[in-house]
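Just below is one structure, and these are the notes that go with it.
Sequential numbering from 1 along the given sequence is applied to the chain's residues.
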Amino acid sequence: MTMPYYASAEQVMRDRSEYARKGISRGRSVAVLTYADGVLFIAENPSATLHKVSELYDRIGFAAVGRYSEFESLRVAGIRLADVRGYSYNRRDVTGRVIANAYAQTLGSVFTEQMKPFEVELCVAEVGEDSASDQLYRLTFDGSIVDEASFVVMGGQAEAVSSHLREHFTPGLSLAEALQVGVRALSAVSPATAANGGAHDQLPAEQLEVAVLDRRRPKRAFRRVVGAALTSLLSDQGTAAEPAESPAEAAGTHAPSAPAPGTPPGLGDPAAVDTAGGSEQASAQPSTQDGVGGGTDGETPDSEQ
């Protein structure tokens with residue numbers, strides 16, 4: 001008579017942890033940093049369509065490493081949770097802590113109850129009214145959740161990238177400075193750079209996925225940084241220093257307000273309201289703030305009385 005297979009609970013959890021860590025270690029790293037005007041996401045990602053960084057709600061962002069199909073399902077679940085909670089109660093009731101706790105419960109249940117754990121690490125970031133109120137939550141495959149202060153690093157080379165950031169990162173950096181610090185940290189461990197046998201001295205814009213949560217924006221804070229805007233920031237132009245007076249300004253003419261080609265809508269004008277790309281039509285839509293525009297109580301806003 002054969003004896004049934006037996007393994008202690010401790011051994012089972014240890015094996016699952018090792019399995020998940022091996023899967024995560026094969027992924028490229030992601031760094032999430034705070035800067036003077038919000039939160040910056042930097043991911044080494046050559047794909048233009050399979051994103052590691054995304055928006056969850058008005059002022060909440062999401063970043064992940066590991067198996068794409070698994071963290072994509074979690075991303076969609078987080079968006080649905082945020083939408084349902086905001087619709088059922090109030091948009092202000094949707095916070096990064098609520099979504100992070102939901103993710104922690106899901107990851108913990110999968111880790112303990114299913115044979116195969118999720119091979120993912122997540123970061124949920126929420127931008128506040130000031131730097132002190134920014135929130136960064138790091139979640140691991142077993143449902144553990146940690147509240148980080150200044151930056152979060154995930155992926156196979158997280159320790160090396162974190163060590164580099166601890167040496168060079170300081171709170172209150174500008175967007176260009178924070179981006180350069182983060183890219184240098186990722187480049188130090190990337191196989192695409194010359195230091196590790198690659199062809200580049202630093203990760204080029206084509207190998208990066210960059211986005212921000214800009215606290216200066218009135219509604220949706222999330223914006224991707226691509227094209228000319230990303231190239232300009234990487235080369236320390238544009239926002240790294242005050243721009244010189246243009247010939248049009250010197251002549252007394254009004255410079256065009258349209259951003260350079262490749263600049264995400266509204267990136268250069270934080271005060272612009274853009275729910276559909278920063279167009280004038282979107283700016284003319286009624287506000288969704290409580291008690292302002294689009295109400296059902298028949299009251300007239302003070303500005304229209």
Under the criterion side chain to side chain contact (heavy atoms under 4.5 Å, CB included), I'd like the reasoning laid out for Val153 against Glu159: C-alpha separation, chi angles, the key distance, then a yes or no. CA-CA 8 Å; Val153 181; Glu159 289 297 330; over 6 Å; no

Qualifying residues under side chain to side chain donor-acceptor pair (under 3.5 Å), relative to Ser144, sequence neighbours excluded: Asp142

To check you understand the geometry: which heavy-atom pair defines the closest contact between Ser29 and Gly156, and what is its length? OG-N, 4.2 Å

State, with a plain yes or no, whether a side-chain heavy atom of Asn45 is found less than 4.5 Å away from one of Gln207. no

Return yes if some donor-acceptor pair links the side-chain N/O of Asp58 with the main-chain N/O of Arg220 below 3.5 Å, else return no. no

Flag yes if Phe169 and Val210 sit in one hydrophobic cluster, no otherwise; membership is Ile, Leu, Val, Met, Phe, Trp, Tyr, and two members link when side-chain heavy atoms are under 4.5 Å apart. yes

In terms of hydrophobic clusters joined by side-chain contacts under 4.5 Å, are Val32 and Val183 together? no

Go through the steps for Tyr57 and Glu55 under the test side chain to side chain donor-acceptor pair (under 3.5 Å), then give the verdict. CA-CA 6 Å; Tyr57 210 58; Glu55 176 186 27; over 6 Å; no

Between the main-chain N or O of Leu233 and the side-chain N or O of Gln180, is there a donor-acceptor pair closer than 3.5 Å? yes

Inter-residue atom distance Leu186.CG - Leu208.CG, 0.5 Å rounding: 7.5 Å

Output field: ring centroids Phe118/Phe111 closer than 6.0 Å: no

Side-chain (Ser73) to main-chain (Glu70) donor-acceptor, under 3.5 angstrom: yes

Assess whether salt bridge (Lys or Arg N to Asp or Glu O under 4.0 Å) is satisfied between Arg138 and Asp147, documenting all intermediate values. CA-CA 6 Å; Arg138 177 181 179 179; Asp147 181 12; over 6 Å; no

Arg166 side chain to Val161 backbone, donor-acceptor under 3.5 Å: no

Please tell me whether Val94 and Ile145 are part of a single hydrophobic cluster in this structure, the criterion being side-chain heavy atoms less than 4.5 Å apart. yes

Mind checking whether Leu107 and Leu74 have side chains closer than 4.5 Å, heavy atoms only? yes

Are Ser131 and Tyr35 close enough, and set up right, to give a side chain to side chain contact (heavy atoms under 4.5 Å, CB included), and what steps lead you there? CA-CA 8 Å; Ser131 299; Tyr35 70 102; over 6 Å; no

Can you confirm whether Leu139 sits close enough to Val146 that some side-chain heavy atom of one is under 4.5 Å from a side-chain heavy atom of the other? no

Can you check whether Val120's main-chain N or O pairs, donor with acceptor, with Arg67's side chain at less than 3.5 Å? no

Find out if a path of hydrophobic residues (ILVMFWY) with successive side-chain heavy-atom gaps under 4.5 Å connects Leu234 to Val189. yes

For the backbone of Ser133 and the side chain of Asp130, can you confirm whether one donor and one acceptor N or O come within less than 3.5 Å of each other? yes

Test log, rule salt bridge (Lys or Arg N to Asp or Glu O under 4.0 Å), inputs Glu209 and Arg224: CA-CA 8 Å; Glu209 181 183 357; Arg224 295 192 182 276; 2.9 Å; yes

If we check side chain to side chain contact (heavy atoms under 4.5 Å, CB included) with Ile60, which of these qualifies: Val39, Val98, Ile99? Ile99

Derivation of the salt bridge (Lys or Arg N to Asp or Glu O under 4.0 Å) call for Arg14 and Glu10: CA-CA 6 Å; Arg14 187 182 299 114; Glu10 182 180 2; 3.0 Å; yes

Is Cys123 close to Met154 at the side-chain level, that is, under 4.5 Å between some pair of heavy atoms? yes

Close side-chain approach of Glu119 to Tyr19, heavy-atom, < 4.5 Å: yes

Stacked cation flag Arg85 on Tyr89, 6.0 angstrom / 45 deg: yes

Walk me through it: do Glu126 and Thr95 pass the test side chain to side chain contact (heavy atoms under 4.5 Å, CB included)? CA-CA 7 Å; Glu126 180 179 6; Thr95 64; 3.8 Å; yes

Just how far is it from atom CG of Leu173 to atom CG of Leu179, taken to the nearest 0.5 Å? 11.0 Å

Whether Gln157 side chain and Arg28 backbone form a donor-acceptor pair below 3.5 Å: no

Can you confirm whether the side chains of Ser174 and Glu177 place a donor and an acceptor under 3.5 Å from each other? yes

Would you call the rings of Phe41 and Phe222 parallel, tilted or perpendicular, where under 30° means parallel and over 60° means perpendicular? tilted

Interatomic distance, CZ@Arg216 vs CG@Asp37, rounded to 0.5 Å, equals 4.0 Å

Classify the side-chain pair Ser187/Gln202 by whether it contains a donor and acceptor separated by less than 3.5 Å. no

Treating Ser235 as the side-chain partner and Thr231 as the backbone partner, does any N or O pair qualify as donor plus acceptor under 3.5 Å? yes

Nearest heavy-atom neighbours spanning Val127 and Gly38: CG2-CA, 3.8 Å

Any donor-acceptor pair under 3.5 Å linking the side chain of Arg59 with the backbone of Ala221? no

Sole candidate of Val181, Leu33, Val30 that passes side chain to side chain contact (heavy atoms under 4.5 Å, CB included) when paired with Ile42: Leu33

Checking Thr34 side chain against Ser150 main chain: does a donor-acceptor pair fall under 3.5 Å? yes

Heavy-atom pair of closest approach, residues Ala211 and Val53: CB-CG1, 3.9 Å

Considering residues, nucleotides and ligands other than Lys22, do more than 12 of their heavy atoms fall under 6.0 Å from its NZ? no

Gap between atom CZ of Arg75 and atom CG of Leu56 - 0.5 Å precision: 8.0 Å

Apply ring-ring contact (aromatic ring centres under 6.0 Å, His included) to Tyr68 and list each qualifying residue two or more places apart in sequence or on a separate chain. Phe71

Any side-chain donor-acceptor pair under 3.5 Å between Asn101 and Gln105? no

Working to the nearest 0.5 Å, report the span between CZ of Phe141 and CZ of Arg16. 11.5 Å

Going only through I, L, V, M, F, W and Y residues with side-chain contacts under 4.5 Å, is there a path from Leu165 to Leu203? yes

